[in-house]
There are 4 protein chains.
Amino acid sequence: MGSAGQRGRPRSGEADVRLLDAALALLLDRGYDRFSVDEVAAKAGVAKTTLYRRWPTKDHLIVAVVARLQDSVPVEYSGDVRSDLTRYLGEIAAGLDRMRRAGRPATSGETSAGLVAEVAAAAARHADVGAAVQAMFHRRNALVLALLGQARERGELHADVEPEVVFDQLAGALYYRLLITGRPLDAAYIDRLVGSALRGASA
Amino acid sequence: MGSAGQRGRPRSGEADVRLLDAALALLLDRGYDRFSVDEVAAKAGVAKTTLYRRWPTKDHLIVAVVARLQDSVPVEYSGDVRSDLTRYLGEIAAGLDRMRRAGRPATSGETSAGLVAEVAAAAARHADVGAAVQAMFHRRNALVLALLGQARERGELHADVEPEVVFDQLAGALYYRLLITGRPLDAAYIDRLVGSALRGASA
Amino acid sequence: MGSAGQRGRPRSGEADVRLLDAALALLLDRGYDRFSVDEVAAKAGVAKTTLYRRWPTKDHLIVAVVARLQDSVPVEYSGDVRSDLTRYLGEIAAGLDRMRRAGRPATSGETSAGLVAEVAAAAARHADVGAAVQAMFHRRNALVLALLGQARERGELHADVEPEVVFDQLAGALYYRLLITGRPLDAAYIDRLVGSALRGASA
Amino acid sequence: MGSAGQRGRPRSGEADVRLLDAALALLLDRGYDRFSVDEVAAKAGVAKTTLYRRWPTKDHLIVAVVARLQDSVPVEYSGDVRSDLTRYLGEIAAGLDRMRRAGRPATSGETSAGLVAEVAAAAARHADVGAAVQAMFHRRNALVLALLGQARERGELHADVEPEVVFDQLAGALYYRLLITGRPLDAAYIDRLVGSALRGASA
DNA sequence: TTTTAAGCGAGACGGTACGTCCGGTCTTTTA
DNA sequence: TAAAAGACCGGACGTACCGTCTCGCTTAAAA
């Protein structure tokens, strides 16, 4: 009753795991280019067809991998906007940092935004990948938008503060640094950033 | 005098122009992927060797093209920070918009950041391309940083405002929207953005 | 006694028919390549497993189909060797013609021997298919060999005529034309052929 | 003078040789199926593109290889039709024998016509391959047709003998045996065959 | 009536090869 | 020298198709 009834052989859950694991490993020590689908399949011990049944494109696969990388951001509220924002931006920066290292020799101090940029590019190439990427970021950001909204309602922020805009300014600055300027995303910068954003916002 | 003495056939200045033109045209109606070096050479009526003598890589070529797209931003100061910023961000948004359309059917209202992202990715792939990209943006931004600095000195902005951070917040928000969120960069948004940035900054 | 006794669900006779029909239809309008087992099953509305339970290989299936195509050659003796041979070779030629058209647009006057050759190739790939093919041809040819033998005994042919060799020459010429030369197998040719074969053979 | 003038880098003659050699070797010890284009290229130490520039298809390549296998049939006339025919058919049979062994373990006494059939099938799949195959056989057979024609003119054969038909009967018998019947092509059979063909033909 | 053996539908899976694409380099002839 | 032309190397991509496997379900004979 209710259940649709199983048709055909079910997809192998193990294949998913092995593929994503292999892909992640490969992505991290190769980077986007030099990442090859054939190699993922081989490393996972899975047929290429099985991979392509799940992700129709290298881009799709990589985005799935990245999503898994990013999807573990437990946030807790302390009630203090400044420290909450600082902590959250720190998490984002750390996440970007994990991606930043993909494909670069660990020793190289290079600030490479390659993977992030590639993901954005992939998002632009395929509409569905774009949707997935936006959803991924939306999930990540929803908490912070809520946090800003609550702070405003509590009177901790001016009434005319627009959470969305403020958030764009904060996150945007990080991405801009990473992708364009190439300057570091350290704690000091994050402090300055939060400070600047809250200067006019706090009541 | 002093000149090394020209040996052999001189480089054809015309080739440069034809190549860049062809590349631009192709880039605009194909986007980064589906843009092929062979095709550029063919369209320019120039040998591939000639192209590679000038730009050692597809990435290099494309960045050169993009630089030409972006490098015409004459800015004039009106003396009023708010309007100056608004105007300048408008210019940036317009430039991004030109790139945004690359390779997308004109009709599609899609907000595609493909080219921008690809350029960032290219910057991450080759150190020299990265330097060129940063220089390009640095040239664009220097004026605004100067503007903010002067406004601070004139007392129009608080003494503890950090121009660099404020600029990151402004430009970053635009790029974040474009690359990640995919939401529009219209005049209304720019107004809200400048408003938010100046709320706490103006004296 | 001896009989195993029927266990389990019996095979569906309908499936056989539907599969062979679908396969034949597909074979005729696609040819050997571009004939896909999946498509046969789909078209027959039958599971692939069901198909493979009957024919372990695409080759086996196709040979089964071809056998059905060829197995309807009722021959009657008139008593006159020349006319009997002519008639029989005409039947063979017609049968080959049916196969000849497989996968070719009806309009194309092309003399394509594709299917015949593919069957021969399949026969070479699998011993059992080879046996089946030989048996099929043996059935077809037995009658003619008998005919030649009787004519010899009746004195209509020289005593030293070897039916087997003569038959090879007749049938062989047809196949050689079809497979190698690509020239037409019309009635005129068959007459010349029989004439040539009987020149020295008839007493 | 008249020459078109060489443009661009000329094709590497060495590549041709290495590819054909590699392909032949592979074909002989694998047979048509299990013959892989990638492997040929690898074995020849040549890029796959280079191969595909010459032969657009596995079929084309294989036919080229087979043509080389068959194209060395120097025939000399002795003036005696019977012995000339016997010798020539012997050559054909030997050539077929070389192909017959392709892909079969040397030990196996199997009479496999695989490669011949595959070539015929390939000829049916692509019009241009078909033309090449016919040309190949035409070259081989022209000599014998001429021989038969001369013998007729010399009065060695009846005036109403049609060389073309006789030849079809002879060659056809060989191919029919090989492809369909699977019986051996030994010297004894060839003698019987020539005898049968000449019975009525010789004046 | 319950068990057991097998067939069936659906579709995922492993494996292999194909032919294509494209980036970048090399080898010619000609200017 | 540079330029034009085009072959070359290398490597990945995504597709196609074969034949096997794994489910859940159905059919009939056997216990």
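Residue numbering restarts at 1 for every chain, and letters A, B, ... go by the order of the sequence lines.
Applying the 6.0 Å contact sphere to CD of B/Glu39 captures more than 12 heavy atoms from other residues, nucleotides or ligands.
Atoms CZ (D/Phe35) and P (E/dG19) sit 11 Å apart, rounded to a whole Å. Between B/Arg34 atom CZ and F/dC13 atom C1' there is a gap of 16 Å when expressed in whole angstrom units. The distance from atom CZ of A/Arg53 to atom P of E/dA10 is 17 Å, rounded to the nearest whole Å. For B/Glu39 and E/dC21, the CD to C1' distance is 12 Å, given to the nearest whole Å. Taking atom CG of residue C/Leu61 and atom C1' of nucleotide F/dG19, one finds them 13 Å apart after rounding to whole Å. A straight line from CZ of D/Arg18 to C1' of F/dC9 spans 13 Å, rounded to a whole angstrom. If you measure from atom CG of D/Leu19 to atom P of F/dA7, you get 15 Å, rounded to the nearest angstrom.
Inter-residue side-chain proximity for D/Leu115 and D/Phe35 is flagged as unmet; no heavy-atom pair is nearer than 4.5 Å.
If you check F/dT26, E/dC26, E/dG23 against the side chain of D/Arg9, the one that comes closest is E/dC26.
For C/Arg7 and F/dA30, the shortest distance from a side-chain N or O to OP1 or OP2 is not below 4.0 Å. Phosphate proximity of E/dC13 to A/Arg54: present, with a side-chain N or O under 4.0 Å from OP1 or OP2. Of the side-chain N and O atoms in C/Arg11, one or more sit less than 4.0 angstrom from OP1 or OP2 of E/dG7.
Taking B/Arg53 as the reference, nothing meets the side-chain hydrogen bond (donor to acceptor under 3.5 Å, both in side chains) condition, with sequence neighbours excluded.
Taking a pair as Watson-Crick or G-U with both hydrogen-bonding distances under 3.5 Å, the stems of three or more pairs touching DNA chain F are E:1-31 with F:1-31.
Classification of B/Asp21 and B/Arg68 as a salt-bridged pair holds, one side-chain N sitting under 4.0 Å from a carboxylate O. A salt bridge does not link B/Lys58 to B/Glu118: none of the charged side-chain nitrogens sits closer than 4.0 Å to a carboxylate oxygen. Ion pairing of D/Arg11 with D/Asp16 is absent here, as no side-chain N (NZ or NE/NH1/NH2) approaches a carboxylate O to less than 4.0 Å.
For the segment residues 42-52 of chain B, residues with any heavy atom less than 4.0 angstrom from an atom of DNA chain E are, sorted by number, B/Lys48, B/Thr49, B/Tyr52.
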